[in-house]
Structures are given as structure tokens and as C-alpha cells.
Visitor: 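Take a look at this one; I'll ask things after.
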Amino acid sequence: MADGATPANSAQGSGETRREFLYLTAGAMTVVGAAGALWPMIDSMNPSADVLALSSTEVDLSPIEEGQSVTITWRGKPVFIRRRTGAEINTAEETPLADLPDPQPDADRVEKPEWLILVGVCTHLGCVPLGQKTGESRGEFGGWFCPCHGSHYDTSGRIRKGPAPKNLEVPPYVFLTDSSIKIG
Amino acid sequence: MSFKSNNKVVQWVEDRLPIISVMHHSIYEYPMPKNLNYLWNFGSLAGFALVTMIVTGIILAMQYTAHVDLAFNSVERIMRDVNNGWLIRYIHMNMASFFFIAVYIHMFRGLYYGSYKAPRELLWQLGVVIFLLMMATAFMGYVLPWGQMSFWGATVITNLFSAIPIVGENIVTWLWGGFSVDNPTLNRFFALHYLLPFIIVAVVMLHLIALHTVSSNNPLGIDMKGPQDSLPMQPYYTIKDLLGVGVFLIAFSVFLFWAPNYMGHPDNYIPANPLSTPAHIVPEWYFLPFYAILRAIPDKLGGVLAMFGAIAVLFILPWLDRSPIRSCKFRPMARIFFWIFLINGLALGYLGGQPAEGVFVIASRIATAYYFFHFLVLMPFILPMIERPRELPSSIHEAVMKS
Ligand code: HEM
Ligand code: FES
């Protein structure tokens with residue numbers, strides 16, 4: 001390609017552009033190579049196989065009475081299990097979606113209406129909301145109250161008031177029998 | 001830099017590595033403005049604090065165990081069983097606070113006397129980098145004893161990153177190395193808490209190289225014009241800096257020996273419990289102004305952006321302040337607003353320690369708005385319109401002779 005006789009062609013074929021091309025490709029390869037070498041190190045900081053292996057827990061629900069709540073640990077986080085009363089289920093189901101900052105019907109958040117199962121971590125900055133123990137504040141909507149920056153959750157664990165942007169997360173779980181579940 | 005020594009060994013080294021002449025030049029004969037006041041002591045005090053942190057930290061690390069089941073007890077063992085362990089830990093704990101006190105005064109000194117203005121922009125920006133690294137280091141250090149405040153402070157602060165759209169959750173999982181703050185988190189925080197102070201040392205070196213290139217500012221904010229304006233570092237300022245260290249250590253000892261936990265939080269003597277959040281989470285006092293800004297904004301992402309923005313404005317400050325006059329001594333309006341800004345900053349600190357409800361929220365919003373107003377509106381737009389600076393003296397020497 002460099003043997004054209006016209007001045008324009010010879011300028012094209014001069015060392016200048018070829019060198020620039022080599023600089024560019026070599027530079028690009030260096031970046032790709034460096035990123036390739038960096039990634040395994042960055043990725044090593046992600047959850048390891050043993051941490052991932054801890055990710056399911058079975059729970060026996062039979063000792064829990066109506067209206068009672070228990071907290072268990074799953075993947076290092078609290079999981080709230082509440083056996084809801086009829087009144088609690090009704091208010092949760094009848095709340096108009098328009099009243100919710102993160103609209104979601106109660107039916108989408110439970111397998112069986114009686115059993116509400118939630119990750120007990122405030123979706124604002126990760127505190128554990130109050131409301132599991134008797135005597136603790138349940139907030140203005142009868143569910144949970146996060147004291148850190150004042151988020152109120154309802155009887156479906158949905159955010160109603162305060163800085164938290166989302167509803168309390170529902171972990172993946174299945175009913176193994178009528179009275180036991182597997183979370184994760 | 002014409003350094004000649006009669007000592008043969010010194011000369012031998014000097015001919016191969018000019019370390020002695022560089023030291024001689026930069027900490028012996030180095031010319032400093034002769035009118036510096038005591039606010040110029042806080043740089044050397046911050047350096048003293050940094051060295052103290054590294055020495056006591058390395059000794060603590062020899063006794064500390066970075067594991068969720070053992071960390072809390074290993075710190076209690078340091079307090080009760082290790083010879084002088086209580087002393088070393090209390091020095092490390094309280095010097096962290098005194099380090100921030102020194103650096104905050106150092107920064108406000110820079111603000112008042114315009115030390116961030118040309119040609120000291122990079123010097124100032126390196127300082128802001130040091131400030132950020134210090135905050136990261138102190139935050140991770142506070143996690144190590146694995147008390148309730150350690151755990152929940154780590155949880156709340158790392159969760160800030162979940163506000164980032166789309167990748168936020170992945171970043172938080174990556175920071176944790178799991179699905180909550182747990183053993184992998186504690187381990188990496190210890191590794192980084194050990195590393196970052198040495199990075200700070202490196203940035204401090206750059207800060208000093210920049211300083212010695214442009215030389216110190218002074219209370220008048222005018223340049224040194226000749227030998228009559230300056231004094232050599234040794235003995236004048238070495239002795240003054242040492243006096244400062246003495247006074248600093250007296251104040252420090254009051255806390256160290258009489259109120260070692262005054263600046264800490266009692267909840268951190270309760271072992272971390274991932275299932276129960278303390279009723280009122282507060283960060284260490286030196287983070288409170290920024291924590292107040294975070295909570296003032298009702299939106300999660302907005303709060304995080306405002307908090308980081310509060311430091312970002314410091315980074316571009318040299319271009320926000322358009323007045324050619326450095327020292328507030330000659331800026332009648334800027335001087336008044338400096339004090340308002342300082343009081344506003346203290347108010348933010350107070351508000352960050354209060355529960356986020358009622359009047360405190362409203363007051364935090366006003367103070368946050370004022371913080372940004374000061375840097376983004378007042379300095380670049382309003383002050384140039386309303387301020388008529390006073391006349392500058394013709395030289396440092398002349399001003400010193402007159403007073
Ligand atoms: C910029 C310098 C440093 C700062 C601002 C800093 C800050 C802190 C803080 C605030 C704590 C918590 C103290 C407590 O409440 O118990 C801490 C703990 C600790 N730091 Fe540092 N640190 C620094 C340098 C270092 C260095 C260089 C090391 C060691 C290599 C170190 C090792 C430790 C250890 C082992 C602990 C846990 C023991 C304890 O809690 O007292 N630190 N640090
Ligand atoms: S963490 Fe729950 S309101 Fe902030």
C-alpha cells in the first residue's frame with residue numbers, strides 16, 4: 001500500500017501513520033490485558049463459594065402462634081416471620097395501591113396470607129427495623145418502624161413513610177410442608 | 001543548595017545520594033515567612049499525629065485479631081491483659097480525634113487566609129485527598145473493635161453505595177464480600193486500615209513537595225519578596241513547631257488520662273449484634289457535619305450525592321473564589337462570611353448528632369443549603385460584586401515593622 005507514486009499516497013504510507021496505528025493498537029491491547037489481569041483480583045472480593053453455600057435455611061413454623069413474630073438468620077441477615085392476624089391481613093389487602101410509595105399488592109408478597117416472610121433489613125441504609133418483639137414500636141402502620149432515620153412499614157412490610165425507597169424484601173422461599181419453609 | 005561537609009562519611013553519602021543536602025535545604029535553611037502565627041502550627045501537628053497513629057497502630061496490630069468471633073475480645077484483651085495495652089489503644093483512639101481536630105483547624109486556616117489560591121491549588125487539592133483518605137482510614141479503623149457502633153456504622157455507610165442506580169446493590173455485595181457486613185468485610189477493612197495510612201504518608205510527601213515549591217502562605221497573604229521577609233526554618237520554626245507539639249500533648253493528655261472515652265460512644269463496648277440495631281446510630285464526631293448533610297436530603301441518592309458533593313466543592317474551591325486577594329484580613333466581607341460559614345459548620349456537626357426528626361431536620365436542611373450557598377453562590381458571584389478589599393501592605397517586612 002505504501003508504493004503509490006502520488007504525494008498524497010506517500011504521505012499516507014509514511015512511518016508517521018503506521019507508527020500511530022501501532023501505538024494505538026498496542027495501547028488498546030495493554031488496556032485490555034491490564035483489565036483482564038485486574039478482574040480476577042477485583043472478583044476475589046465478591047462472595048466466596050463458602051459464603052454462597054450458606055445460603056439456605058429451613059424453618060419449622062409450628063411453634064409460632066397467631067400474632068406472633070420470630071426472627072431467624074439467613075445469609076447473616078435477620079429474616080422476619082410473622083403469623084399475621086385476620087385484621088392485619090385485611091388492612092394489608094385493602095390498602096389502595098395509590099397510597100404506596102412502592103406499589104405492590106399484598107398478594108404478591110406472600111405465599112399464604114397468614115405467613116408474612118421478610119428480610120428484616122431497612123431498604124434505606126440497612127438497619128434492622130423494630131416491631132418483632134412485644135412492646136417495640138411498630139410505627140404508624142402497625143408493621144415495623146426503623147429508628148435509624150424513621151421509616152414506617154405496614155403489615156405487609158411495605159414502605160409507607162420515611163426515607164426508605166422500597167418495601168422490605170421478600171426472600172425466596174418455598175413451603176416444604178404446611179408448617180415448615182425453606183428460605184433461599 | 002551548596003552543601004559541603006567536613007565529615008568524610010557524610011560527604012561520601014552525599015556524593016552518591018543527595019539526601020543530606022535535600023534535608024538541609026528543606027528543614028534547615030528553608031526560608032519561611034517571618035510573620036506566621038500559631039495557626040501555622042497545625043500542619044506539623046497533623047504530621048505528628050499521623051506518625052503517632054502509625055506507631056501505635058502497628059503495635060495494636062500485633063495483638064489484634066481480625067475475626068468476627070475474636071475481634072471484640074482481642075481488643076478487650078489489649079485493654080486488660082496486654083502490658084500497657086490500655087495506654088496504646090487509648091492513644092490510638094484519642095489521637096484519631098486529635099488528628100481530625102488538627103486537620104480541621106489546618107483547613108479552616110487555609111480557608112481564612114486564602115491558602116488555596118494560585119499558586120497553591122495543587123497543594124490544597126492534595127490536602128483534600130489526604131482528608132478523604134483519613135476519613136476512609138478512620139471509618140475502617142472504627143469497625144475493627146467489632147462493637148455495636150462498629151457494625152452498624154459499617155452497615156449504614158457501606159449501604160450508601162446502594163443508592164447508585166443499577167449497579168449499587170452489586171457494589172455493596174462486592175464491598176462486603178457477602179450478603180451483609182460479616183467476616184470477609186472485617187478482614188478486608190483490617191487490610192485496608194493497615195495500608196491506607198502509608199498511602200497518606202505518600203500523599204503527605206507530595207503535599208510537602210508542592211509546599212516547598214510554592215512556599216508557605218502567611219497571615220498577610222502576600223508573597224515573600226526577599227530575605228528581609230523570611231526566617232530560616234531552623235531554629236525559628238522548628239522550635240515554634242516543637243512548642244506547639246508540647247501544648248498539643250498537654251491537651252491530648254487531658255483526654256487520654258482523664259476522659260479517654262469522652263469522644264467515643266458507649267455502645268461500642270457492646271459486641272456487634274447483626275440482629276439488633278442500636279436505637280440511635282451516630283458516627284464518630286468528626287463525621288457528624290457530613291452525616292447531617294446526608295440526612296438532610298429526603299432522597300436516598302440525593303443525600304449521598306450531597307454528602308460527597310460537600311467535599312467535592314472543596315476540591316474546586318480554588319476556582320470558585322474569584323478574589324485575587326488571599327487573606328481575609330483585607331477582605332471585609334469574606335471575613336464576616338468566613339465566620340458565618342464556620343458557625344454553620346459547627347451547627348451541622350451538632351445536628352448530625354441529633355435524632356433525624358422535627359426541627360432538627362429542618363435546621364439540617366437550612367444549614368446544608370447554606371454550606372453549598374457559601375461555596376457555589378456567595379464566593380463566585382456575590383462577593384465579587386459587593387466587596388471592596390482593603391489596601392495590601394507593600395511587603396511582609398514593612399507590615400511587621402509597623403505593628
Ligand atoms: C491515619 C492514621 C490512622 C487513623 C486515623 C486510625 C484510626 C483508628 C480508629 C478510629 C480506630 C478505632 C479505635 C477504637 O475505637 O477502638 C482504630 C483501630 C485500630 N487501628 Fe487504626 N488508625 C490509623 C492508623 C493505623 C495503623 C497504621 C495501624 C496498623 C498498622 C492501625 C491499626 C489499628 C488496629 C489494630 C485497630 C483495632 C484496635 C482498637 O480498636 O483499638 N491503625 N484506628
Ligand atoms: S436505615 Fe432505616 S430509616 Fe435509614
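Throughout, a chain's letter reflects where its sequence line sits, starting with A, and its residues are numbered from 1.
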Visitor: Identify which part of B:W174 has an atom lying under 4.5 Å from any heavy atom of chain A, answering side chain, backbone, both or neither.
Guide: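 When you check distances to chain A, atoms from both the backbone and side chain of B:W174 fall under 4.5 Å.
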Visitor: In a single word, yes or no, tell whether A:C127 and A:C146 have an SG-SG distance below 2.5 angstrom.
Guide: no
Visitor: Is it the side chain or the backbone of B:I281 that comes within 4.5 Å of chain A heavy atoms, both, or neither?
Guide: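 Looking at B:I281, just its side chain touches chain A.
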Visitor: Is the distance from the ring center of B:Y64 to that of B:F190 below 6.0 Å?
Guide: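 Yes, ring centres under 6.0 Å apart.
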Visitor: Between B:Y104 and B:Y286 (judged by ring centroids, cut-off 6.0 Å), do the two rings come close enough to count as a pair?
Guide: no
Visitor: Select one option (side chain, backbone, both, neither) describing which atoms of A:I42 are under 4.5 Å from chain B's heavy atoms.
Guide: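 Contact with chain B: backbone and side chain both.
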Visitor: Where does A:P165 contact chain B at under 4.5 Å (heavy atoms): side chain, backbone, both or neither?
Guide: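 Contact with chain B is through the side chain of A:P165 alone.
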Visitor: Between A:G126 and B:N159, which heavy-atom pair has the shortest distance, and what is it?
Guide: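 For A:G126 and B:N159, the tightest heavy-atom pair comes out as CA-ND2, 3.3 Å.
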Visitor: Please look at B:L294 and chain A and tell me whether the side chain, the backbone, both or neither of the residue comes under 4.5 angstrom of a heavy atom of that chain.
Guide: side chain
Visitor: Quick check: closest heavy atoms across A:I159 and A:P101, and the distance to 0.1 Å?
Guide: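 So the two residues come closest at O-CD, 2.9 Å.
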